[in-house]
Amino acid sequence: MPAPFVAPDSPFGDWDGTPAGARLLQRELARQVLLQDDFPVLRLVAGVDVGFEEAGHVTRAAAVLLDVETLEPLAERLVRMPTSMPYIPGLLSFRELPAVLHALAELPQVPDLVFCDGQGIAHPLRLGIAAHLGVVSGLPTIGVAKKILVGTHAELGPRQGDQVDLVYRGDVVGTVLRSKDRVRPLIVSPGHRVSLANAPRLVMACVTRYRLPEPTRLADRLASRRVGRGGPQPG
DNA sequence: GCGACAG
DNA sequence: ATCTTGTCGC
């Protein structure tokens, strides 16, 4: 019997619904983040992402399960639910996590590691969506963002694999990583149960011919309904 | 007080 | 995130 992932009752505890209350909860959950590699095996990786329909009134969350060796998708799930909150910088997880947890719970097996579109600890309160997802689900997570939310960094080299630290308030909170030659870098930060040093390595291990690592890329395509048409063929 | 600001 | 066609460059 495959072990299903069980979504927690609420990723927000007894949140009062206000932005101020959300920040109090973020501080509390941030204390539970583990920045050490803690996954005995690594065979199944998942990618999760969110898109919107109906002018934003409907939230679509996608979860894709892949074999970490072949990077081939083993299962894909999509869930739709009414959007509950607007986008507020710093509070992204409060808008997207409910749908993401449901999509994850639909997967036939529990992943050993989850790639999340957005920041891990590279966040004003060290609790970006990847870190939040990790703490409430208990799963190891990594944040892979396309833009910086907070932090600064030294100039980055132009070649694939080049990387520099992302520093925020004197702390290294992530890595600015060039996943392919001459493309805009990815912002990688640990979410939960993954170390700062290993996060970029795990991301590079999942990169094929595109800028985004496969878990994130496939989830992104599904959530943004860009699947089924276009795209280069293998060869 | 003035910007900056993941998706 | 999303609205949107063709186009420039590797």
For [range], pull every pair meeting side-chain hydrogen bond (donor to acceptor under 3.5 Å, both in side chains), keeping only residues two or more places apart or in separate chains.
{"range": "residues 196-205 of chain A", "value": "A:D37-A:N198"}
{"range": "residues 67-93 of chain A", "value": "A:E53-A:R80, A:T59-A:T83, A:S93-A:H132"}
{"range": "residues 154-179 of chain A", "value": "A:R126-A:D171"}

Stems where DNA chain C pairs, listed by first number, each of three or more Watson-Crick or G-U pairs under 3.5 Å
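So the stems come out as none.
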Using the side chain to side chain donor-acceptor pair (under 3.5 Å) criterion, which residues pair with [X]? Sequence neighbours excluded.
{"X": "A:D38", "value": "A:R193"}
{"X": "A:Q36", "value": "none"}
{"X": "A:T152", "value": "none"}

Where protein sits on nucleotides 4-10 of chain C, one letter per nucleotide: B base, S sugar-phosphate only, - none, heavy atoms under 4.0 Å
------S
Please encode protein proximity along nucleotides 1-7 of chain B as a string of B, S and -, counting only heavy-atom distances under 4.0 Å.
----BBB
Just distance, no hydrogens or angles: give the donor-acceptor pairs under 3.5 Å from side chains in residues 18-30 of chain A, sequence neighbours left out.
| unit_1 | atom_1 | unit_2 | atom_2 | d |
| --- | --- | --- | --- | --- |
| A:T18 | OG1 | A:D16 | OD1 | 2.8 |
| A:T18 | OG1 | A:D16 | OD2 | 3.3 |
| A:T18 | OG1 | A:G21 | N | 2.9 |
| A:Q26 | NE2 | A:G90 | O | 2.9 |

Which residue pairs pass the salt bridge (Lys or Arg N to Asp or Glu O under 4.0 Å) test with at least one member in residues 141-153 of chain A, sequence neighbours excluded?
A:D117-A:K146
Between A:R226 and A:D220, is there a side-chain N and carboxylate O pair less than 4.0 Å apart?
yes
Between CG of A:L74 and CD of A:Q109, what distance do you get to the nearest 0.5 Å?
7.0 Å
Does anything in residues 77-85 of chain A come within less than 4.0 Å of DNA chain B? Heavy atoms only, and list the residues if so.
none
